[in-house]
Amino acid sequence: MASFLYRVGHFSFTRRWTVLIAWLLVLAAAGAGAVASGMKMTEELTIPGVESATAQTILEERFGDAASGVGAGTGGQAAAGAEAEKPASSKFVVQAPEGTNLIEDGSLETVLGALAPISEESQVESVSDPMTTGTIAPDGGAVYVDIQFTVPADDVSDATLDTIASAESTLSDDGFTVAVAGGPFTEPLELLGPTELVGVVVALLVLLVTFGSLLAAGMPILTALLGVGIGVAGVLSLSAVVTISSATLTLALMLGLAVGIDYALFLLSRHRQQLAEGIPPAESAGRAVGTAGSAVVFAGLTVVIALAGLSVTGIPFLATMGLAAAATVAIAVLIATTLLPAIMGFAGDRLIPKGRAAARAQRSTKAENRWGTFVTTHPVWTLLVGVLLLGTVALPATSMRLGLPDAGQEQASSHDRQAYDLLAEGFGPGINGPLVVLLDAESDPDALPAAMAQMSAALEGVANVAAVAPAIPNGAVEGMEVAPGTPQADAAIITVIPTTGPNAEETAEVVHDIRDLRGAVEDATGADVWVTGAAAANIDVTEKLADALPLFLAIVVGLAIILLLVAFRSLLVPVTAVLGFLLTVAAAFGATTAVYQWGWLADVFSVATPAPLLSFMPVLLVGVLFGLAMDYQVFLVSRMREDFTHGAGAMQAVRSGYAHGARVVLAAALIMIAVFASFVFSGNTTIGPIAFALGFGIAVDALVVRMTMIPAVMALLGKSAWWLPRWLDKALPNVDIEGASLEARTETHHEPKHEAHTGAHAK
């Protein structure tokens, strides 16, 4: 591999214009595809096949458009089976002035009068009547109506939105408190806002300190941004045929930016080091790609495997997130090994460290050598302290709860959060997560009345239920008034309002209690009973993900161990790498639980309301963090392996490899932490916790595990760290990650010195 990558690097350096133009054409093609796709995203996180999703499908078949939004709550992201192109719906919530009653003082007529123009808009299918639907608070202090549009949220016209805004303004002027949520009123996600740009600026500063050169510092940022542009545009191009969530796009952007900068940093550091040793620029570029580039390829492959492995969970939105992020990381690897050498060619010998930059690098290496010497001199104490520290941080994870985000976790300024709070205040917290019990009697419609009666009676005895609405059939039922000619009903829905919010443990118990008692109704009537709604979907998604985690972990870790076994030709190095990762992920779970579930430092990290962690975060975090953790393992230990294969003793190889690699690993970790941290403060309730967990996990893994505990382990193992059975050594392919084959190259292969100067001034 090293020889092949050497040729790639050398070609890219000498054919820089060809490589640059090729990548610009790729960017243009990806951008054109993104524009042609319409770039539509959804906030829905769906899992087909679970009970809540199946129930939602049956609900839509039996009730048609009337089923739209049933049981969805306010601002929730856990719809059981929604599609991005369906007509949108919104909730218009009105709270009466303090001390007034909408019914008794006639204020309801004022509200309905203000809402009347909305129903006249051509894009509005209907505005519900609160008197008919019973959406007036028991104390008369609040009311809400459902606005059903005829078009998706993105297609609602400005004229329609202006009419709704006018009604909101009119009621506000009359002293009412108004909030409109859902559909076109859900705030769009900003992919690159001010906070995300801060991460890029911090990364640039770290690079500037590391390289001591603005030219060198700008190159990783430039290549990473180009890679992210291609990756994100490519993901958007697929939105025409695949449902893409905003979380998918943001994850791809976040990871692509972080690894793109890091991979370029590793390659450029090796290139500048070789230039300082007197190697001509073209030869140095080839060697940098052949040695550090081999580590980049293997590290990137580990990340890609971990992310692509999310597909084995059988959960479409998670598989899409993983594949999109994996594609972006793969592009980052390709750009680092081709475009970066091309840009090195334009810079030529101007990248040679000079003056203060060279002195700073030398001082930094000495400092890292002192730390490496310390931890390898006291390996047992180092490991004990490290395990104790990470174990303590991981303790909160023992109480970790999982769920899906709802509007109650958003910032107080958002439309969805305001409506959520008004509804909870007027109707109780359960109104934001209503449960829908679906009775399906398609096989025997005559059994539906009995099923409705028995199920309604049974629901009255369920604990933590605030209200059970009358059963609503989809047609004519004996004893109920319906329009003449209405066909016989074969399904009915019963809305159940819990006493607690959608993410509360008590609400989950309500779902389980309903599902436990339905057996008697099904046996007695023959009707099928399903439970759906936001809380039910929450439970189904969480359980599905929990079942998928062990298989996913086994596949990803197993493949990664094989990859590391091939890379390092050692049995113990992959095992210690995985054990270190387990400590890292446990600490990341613990810290994230403490902040986002317990509320520690909530103000610091912009946590509006402590709540259960994202149900898909454990699987996603394991996949992403494992890949990124192996990045640092590969970059740091590959240099130790390189020195060992070149004749250094076991302890000397650990210390010298650490001294050469630690500075770059530290800079790379700081950059990645800065990028992830910038997304923590984006205000997005889905991405924020993920970014925090990744940023904290990277900090722990790089600083504590890879730069402290791994050198201590390597010191304890000595030569046995590189032991491999002879039969296995013969069976494994020799990928030459340390670039031993390049040592055979002589000065006759070097480019003439004038080539460097020509490259430096190329136009």
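Computed over heavy atoms, backbone and side chain alike; hydrogens, waters and symmetry mates excluded. Since we're looking at a predicted model, the values are computed, not measured.
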Would you say [X] and [Y] make side-chain contact, with heavy atoms under 4.5 Å?
X      : Y      : result
Phe149 : Glu125 : no
Leu255 : Thr328 : no
Leu59  : Ile493 : yes
Val437 : Val529 : yes
Ile690 : Phe679 : no
Leu439 : Asp528 : no
Leu249 : Leu236 : yes
Thr54  : Val50  : no

Check: Thr320/Thr248 side-chain N/O donor and acceptor closer than 3.5 Å: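 Looking only at side-chain atoms, Thr248 and Thr320 do not form any donor-acceptor pair under 3.5 Å.
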
Donor-acceptor side-chain pairing of Asp146 and Ser89 below 3.5 angstrom: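 No, no side-chain donor-acceptor contact under 3.5 Å.
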
Counting N and O atoms only, with roles assigned by atom type, does the side chain of [X] sit under 3.5 Å from a partner on the main chain of [Y], one being a donor and the other an acceptor?
X      : Y      : value
Asn432 : Tyr420 : yes
Thr57  : Ala53  : yes
Gln148 : Ala88  : yes
Ser128 : Pro130 : no
Gln597 : Arg401 : yes

Of all heavy-atom pairs between [X] and [Y], which one has the smallest distance, and what is that distance?
X      : Y      : result
Leu102 : Gly141 : CD1-C, 4.2 Å
Pro502 : Pro429 : CD-O, 4.3 Å
Ala114 : Ala167 : O-CB, 3.3 Å
Gly426 : Ala137 : O-CB, 3.3 Å
Ala34  : Ser237 : N-OG, 3.0 Å
Pro689 : Thr592 : O-CG2, 4.1 Å

Would you please name every residue forming a side chain to side chain contact (heavy atoms under 4.5 Å, CB included) with [X], sequence neighbours left out?
X      : result
Gln123 : Thr150, Val151, Val156, Ser157, Thr160
Ala594 : Pro396, Trp598, Trp600
Glu543 : His512, Ile539
Asn464 : Thr499, Glu506, Glu509, Val510

For [X], what residues pass the side chain to side chain donor-acceptor pair (under 3.5 Å) criterion, not counting sequence neighbours?
X      : answer
Glu51  : Arg515, Arg518
Ser443 : none
Glu522 : none
Ser90  : none

Which distance, rounded to the nearest 0.5 Å, do you find between the [atom1] of [X] and the [atom2] of [Y]?
X      : Y      : atom1 : atom2 : result
His415 : Glu410 : NE2   : CD    : 11.0 Å
Leu307 : Met321 : CG    : CE    : 10.0 Å
Glu505 : Thr507 : CD    : OG1   : 10.0 Å
Phe176 : Leu171 : CZ    : CG    : 6.0 Å
Ile494 : Leu435 : CD1   : CG    : 12.0 Å
Ile118 : Ile164 : CD1   : CD1   : 5.0 Å

Phe92: ring pair (Phe, Tyr, Trp, His ring centres under 6.0 Å) partners, not counting sequence neighbours: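 Once residues adjacent in sequence are excluded, Phe92 has no partner under the ring pair (Phe, Tyr, Trp, His ring centres under 6.0 Å) criterion.
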
Side chain to side chain contact (heavy atoms under 4.5 Å, CB included) evaluation trace for Thr593 with Ser399: CA-CA 8 Å; Thr593 300; Ser399 65; 4.3 Å; yes

CA sep, side-chain torsions, deciding dist, call: Lys91, Leu423, side chain to side chain contact (heavy atoms under 4.5 Å, CB included): CA-CA 10 Å; Lys91 270 188 170 58; Leu423 286 169; 3.9 Å; yes

Pairs flagged by salt bridge (charged side-chain N to carboxylate O under 4.0 Å, His left out) wherever residues 419-441 is involved - sequence neighbours left out: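 Residue pairs passing salt bridge (charged side-chain N to carboxylate O under 4.0 Å, His left out), neighbours aside: Arg62-Asp440, Arg417-Asp421.
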
Would you tabulate the side-chain donor-acceptor contacts of residues 610-626 under 3.5 Å, counting partners in other chains and residues two or more places apart, or write 'none'?
none

N/O donor-acceptor pairs under 3.5 Å from side chains in residues 445-458, not counting sequence neighbours:
| residue | atom | partner | partner atom | Å |
| --- | --- | --- | --- | --- |
| Asp446 | OD1 | Gln488 | NE2 | 2.9 |
| Ser456 | OG | Met452 | O | 2.8 |

Test applied, side chain to side chain contact (heavy atoms under 4.5 Å, CB included); reference residue, Val94; option that passes from Leu115, Val111, Thr177: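 Of the listed residues Leu115, Val111, Thr177, the side chain to side chain contact (heavy atoms under 4.5 Å, CB included) partner of Val94 is Val111.
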
Aromatic ring proximity, centroids under 6.0 angstrom, Tyr144 and Phe427: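 Yes; Tyr144 has its ring centre under 6.0 Å from that of Phe427.
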
Steps toward side chain to side chain contact (heavy atoms under 4.5 Å, CB included) verdict (Ser311, Leu323): CA-CA 8 Å; Ser311 301; Leu323 292 174; 3.7 Å; yes

Working for side chain to side chain contact (heavy atoms under 4.5 Å, CB included), residues Thr163 and Glu120: CA-CA 10 Å; Thr163 300; Glu120 297 174 3; over 6 Å; no

